[in-house]
Each structure stands twice: as structure tokens, then as C-alpha cells.
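One structure is given here, and the rest of the page talks about it.
Keep in mind the model is a prediction, meaning the values are calculated, not measured. Because only heavy atoms are used, hydrogens play no part in the values below, and waters and symmetry mates are left out as well, while side chains stay in.
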Amino acid sequence: MGVLVRGRVVAGLLVLAAGLGACAGAPKGVLAPVAATVPGASTVDMLVATTRKTAANPGEMYSGDRGPELSYADITVSIPPDAVRTPGTVQWPKELPGNPATDFVTLKAETLDRPEAAARLRRNAARTGKRNVLVFVHGFNNRFEDAVYRFAQIVHDTRADVVPVLFTWPSRGSVLAYGYDRESTNYSRNALEGVLRRLAQNPEVGEVTVLAHSMGNWLVLESLRQMAIRDGRVAPKIRDVVLAAPDVDVDLAREAFRDMGPGRPRLSLFVSQDDNALAVSRLVWGGAGARLGAIDPTAEPYRTELARENIAVLNLTAMKGSDALNHGKFAGSPQLVALLGNRLAQGQTITDSRVGLSDRIVQITAGAAATVGTAAGLAVSAPVAVVDAQSRETYGEHLRSLGQGLGDTAEGAVDLATAPARALGGR
């Protein structure tokens with residue numbers, strides 16, 4: 001197939017993407033506040049610190065682009081009555097405005113400057129009497145609203161007695177934007193370090209627990225490592241760090257643990273050997289290093305190292321039946337960590353729940369994020385996008401990413417008709 005024909009194929013697919021995106025099922029702008037909630041609903045009021053850029057749509061607040069400076073917001077989420085929902089899930093509105101009787105909706109979404117954010121934190125802590133701050137740092141492939149609603153759900157369903165603080169970094173919210181997301185965590189290291197330091201210096205804060213998921217673990221470990229190098233140790237108020245399915249190379253994690261020094265926070269590691277996302281991540285990085293979230297903690301050298309470093313482990317691969325916390329190390333863990341561990345063992349999801357079937361196909365076939373693998377995934381998942389609403393929403397983004405990857409070079413052009421065969425080793 002000639003270069004011109006290939007260009008027409010890509011252009012045609014981009015047109016198809018626009019049409020599919022126009023009929024997407026998930027509404028945009030769920031952070032636009034509704035007038036009121038309903039009896040029996042619960043609310044979660046969180047402070048947000050973000051390195052994202054302000055979005056054009058006020059109902060989205062922040063985009064996946066990188067902002068010029070750290071921004072703050074105060075958001076209140078209404079969660080429908082427990083009788084109409086399953087713990088561990090987010091009920092996304094199917095249309096706007098959402099119905100607070102059945103959907104997660106936003107009651108307040110205000111931007112703040114830094115002094116206002118500090119004052120709001122002090123007032124929240126004083127009003128509620130809560131002095132334990134829980135900082136959540138999301139992972140790869142999360143939009144701003146994904147992180148907000150997921151964190152609200154975690155706080156509500158764990159019944160955690162905390163002041164919630166969300167740190168959200170610029171993620172594109174696409175399975176094909178792994179490289180961009182990874183660099184965005186590096187872009188956000190200084191900002192998260194500053195947020196954690198200011199929380200620890202706040203006299204209203206008694207202690208800080210950090211919950212990180214997936215790629216967010218790299219951001220957390222790097223920020224704490226920087227703090228220890230700058231200040232001689234991690235701030236003493238930062239007591240616990242929960243590393244959930246960390247998408248971090250094991251060797252780099254070892255370096256971070258060492259650089260944090262002996263006065264580092266208590267570390268709890270949640271792992272699963274059947275985590276497909278971490279398997280794909282390892283392929284993206286060339287298969288060279290094991291991901292910390294996918295290790296077998298009973299195998300050497302990990303077993304000895306984890307014991308030596310006094311790292312508590314919850315192996316979600318082995319979690320079956322009602323006896324979820326069957327690892328003795330968690331018996332003496334702080335209450336909040338135990339709550340989070342219980343929720344995870346019972347099937348709690350920490351990432352966005354709105355992942356379409358075609359996203360999964362693309363993620364699997366993308367492999368090392370090579371153009372051929374991506375094209376194969378798009379070709380296979382195209383029919384799925386017609387019937388799956390979430391796939392229709394993201395399919396256009398996948399195709400646009402593929403088009404950008406192809407660029408204007410003839411060498412980068414891919415014949416989509418034969419890509420699946422080539423991906424399987426054919427010609």
C-alpha cells in the first residue's frame with residue numbers, strides 16, 4: 001500500500017473517530033455543581049492540589065495538559081444512598097445534570113489560591129475534629145473527574161476518619177498516552193513534595209497518610225526521596241505510605257527506600273501477580289525490570305528484602321473468601337491502612353471504572369506501544385466501539401494518537417489491513 005493510500009486510510013479513520021466520539025455515552029462536565037442532594041445521600045468534601053491546566057469547559061475544571069503552576073480547588077461530591085449502590089463502585093451520571101438519588105454528583109467546585117487552600121484545610125480540620133490527612137495520588141489513565149469521584153468513593157466506603165486531599169497530575173486519560181503520563185509524574189515531583197511538606201508543617205494536621213496507585217507511586221516515591229535529600233529526612237508527620245499496585249521498577253524502588261533513610265514512613269505494599277496493566281507496563285519498558293506491584297512477595301530475594309525493610313505486604317493475588325487479611329504483617333498495621341487493605345481485598349478499584357472493552361483490547365495489543373501493535377488493537381477493537389459506549393468515547397482519542405505517531409513520515413505509515421497479522425508474526 002502506497003504512502004498516499006496509507007494517508008487516506010488514516011484520514012478516513014480519523015473521520016470515523018470524530019463520528020464515533022460524537023455519539024459517546026459518558027457525559028462531559030460532571031463537575032458542574034447541581035443545586036442540591038437528596039435525603040440519605042452522603043457527601044465528601046475534599047481539597048485538591050493539581051499540576052493540570054485549567055480546562056475550557058468549567059464542568060471539567062482541569063484538563064490533561066500540564067499547568068504552569070500548582071492550582072487548588074475545594075470540591076464536594078454527593079454519593080447516592082447506600083441502598084442503591086454497591087460499595088467500591090462509582091455511579092457515573094448517564095446524562096447531565098446527574099441525579100443525586102442514583103448518581104455521583106458535584107455540589108461544590110471552587111478554585112482556591114494557596115492561602116485560601118491552607119485556610120480551608122485548617123477550617124475543615126477544626127470543624128470535623130479530624131487531624132489525620134489522607135493524600136491520594138492516582139495512577140495512569142485518569143481524567144481529573146475520574147480521580148475526584150474515585151477518591152470520594154474510597155473515602156466514603158472505607159469510612160475513613162480523615163481530611164481528604166487529592167493530588168492530581170496531568171494524565172491524558174488514554175491508554176495510549178503512557179509516555180506522556182510518565183513524564184507528567186516527573187513534571188509534578190516538586191509540586192507534590194511542596195504539598196506534603198506544607199501539610200506536615202500545618203499545626204492542625206496530626207499525621208499524614210499517602211495512598212498512591214499505579215504510576216502515582218513513582219511520583220510519591222520520588223517526591224519523598226527528594227524531601228529526604230533536601231531536609232535530611234521525610235517529615236515525621238508523614239507516618240504511612242500505601243503503595244497500591246506500584247508501576248515502579250523494583251531497582252528504582254530500592255533506591256528510593258534507601259534514600260528516604262531509616263526515619264522514613266511506614267510502608268505498606270499491595271501487590272498482585274495477575275495485574276495485566278503492570279504486565280503491559282513491563283513490556284513498554286522493554287521487559288527489563290520487574291514492576292514492584294507484580295512481584296511475588298514470598299519468593300526470594302523479595303521475601304528477605306521486604307522483611308529486612310519492614311514493609312508490610314498484602315498479596316491480592318491470594319485473596320479468596322472472607323479471610324481477606326490473611327497476612328500476619330497487617331495485624332498490627334494502623335487503622336487506616338487496614339481499612340484500605342480490607343477494601344482492596346474485597347475488590348475495591350482505585351482507578352477509573354469507566355474503561356471500555358476496546359480500551360482493554362488496545363492496551364493488550366499495544367504491547368510495547370509500537371505503532372504496529374497499536375494499529376492492530378485499533379483494527380480489532382473497531383467493531384467493539386460501535387456497540388460499547390465507553391469505547392466510542394475513547395476510540396477517537398486512540399486513533400488521533402496513532403495518527404500523531406505516524407506523523408508525516410512514510411516510514412511510520414502502517415497498513416491497518418495487515419497490521420494484526422504482522423503483530424502475530426506474519427507478513
Side-chain angles (χ1 to χ4, degrees), residues 17 20-22 24-33 44 46 48-67 70-73 75 77 89-98 103-106 109 111 136-154 164 166-185 187-188 191-192 211-216 219 247 277 349-360 362-363 385 388-401:
L20 289 172
K28 298 285 188 180
V30 297
L31 297 180
V44 174
M46 72 179 71
V48 180
T50 182
T51 49
R52 294 174 184 258
K53 185 178 180 180
T54 302
N57 179 357
E60 296 179 36
M61 290 195 75
Y62 295 97
S63 69
D65 295 328
R66 297 167 188 156
L70 187 64
S71 299
Y72 299 90
I75 299 177
V77 177
T89 60
V90 173
Q91 286 69 37
W92 289 94
K94 294 181 174 58
E95 58 184 10
L96 297 180
D103 307 328
F104 277 53
V105 296
T106 306
T111 58
F136 177 50
V137 183
H138 63 80
F140 165 60
N141 187 24
N142 270 235
R143 297 181 177 91
F144 181 75
E145 63 266 28
D146 298 335
V148 168
Y149 277 13
R150 177 56 67 188
F151 188 34
Q153 176 269 309
I154 290 172
L166 170 66
F167 185 91
T168 171
W169 47 275
S171 167
R172 289 290 194 202
S174 169
V175 296
L176 296 186
Y178 188 95
Y180 176 88
D181 279 18
R182 175 73 175 194
E183 294 305 315
S184 288
T185 61
Y187 175 78
S188 304
L192 177 57
L211 169 62
H213 179 245
S214 182
M215 194 181 285
L219 173 55
D247 185 4
T349 300
I350 302 187
T351 190
D352 170 36
S353 60
R354 299 181 302 157
V355 178
L357 180 56
S358 76
D359 288 299
R360 296 188 180 96
V362 169
Q363 188 173 8
D388 180 53
Q390 180 59 30
S391 296
R392 290 199 302 271
E393 179 179 356
T394 58
Y395 196 72
E397 298 174 12
H398 299 328
L399 283 171
R400 280 188 289 274
S401 296

So, do [X] and [Y] sit near enough that their side-chain heavy atoms are less than 4.5 Å apart?
X      : Y      : result
Pro170 : Tyr180 : yes
Asn141 : Arg172 : no
Thr168 : Asn142 : no

Just how far is it from atom [atom1] of [X] to atom [atom2] of [Y], taken to the nearest 0.5 Å?
X      : Y      : atom1 : atom2 : result
Thr51  : Leu192 : OG1   : CG    : 9.0 Å
Thr106 : Tyr149 : OG1   : OH    : 3.0 Å
Phe151 : Phe167 : CZ    : CZ    : 13.0 Å
Ile75  : Thr111 : CD1   : OG1   : 10.0 Å
Phe140 : Arg182 : CZ    : CZ    : 12.0 Å
Thr89  : Gln153 : OG1   : CD    : 6.5 Å

Is it true that Arg52 and Ser71 share a donor-acceptor pair across their side chains at a distance under 3.5 Å?
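No - no donor-acceptor pair under 3.5 Å links their side chains.
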Which heavy atom in [X] sits nearest to a heavy atom in [Y], and how many Å separate them?
X      : Y      : answer
Pro93  : Gly98  : CB-CA, 3.8 Å
Val44  : Pro164 : CG1-CG, 4.2 Å
His138 : Ala147 : CD2-CB, 3.6 Å
Phe104 : Val90  : CE1-CA, 3.9 Å
Ala55  : Glu60  : CB-CB, 4.0 Å

Do you know which of Thr185, Asp181, Asp146 makes side-chain hydrogen bond (donor to acceptor under 3.5 Å, both in side chains) with Ser171?
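The residue from Thr185, Asp181, Asp146 that satisfies side-chain hydrogen bond (donor to acceptor under 3.5 Å, both in side chains) with Ser171 turns out to be Asp181.
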Evaluation steps, side chain to side chain contact (heavy atoms under 4.5 Å, CB included), between Val30 and Val105:
CA-CA 7 Å; Val30 297; Val105 296; over 6 Å; no
List the steps, then state whether side chain to side chain contact (heavy atoms under 4.5 Å, CB included) holds for Val77 with Val148.
CA-CA 8 Å; Val77 177; Val148 168; 3.9 Å; yes
So which of Phe144, Tyr72, Trp169 actually passes ring-ring contact (aromatic ring centres under 6.0 Å, His included) with Tyr62?
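The option that passes is Phe144.
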Test your reading of the model: is there a side-chain donor-acceptor pair from Ser63 to the backbone of Lys53, 3.5 Å cut-off?
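Yes; judged by distance alone, with no hydrogens or angles, the pair exists.
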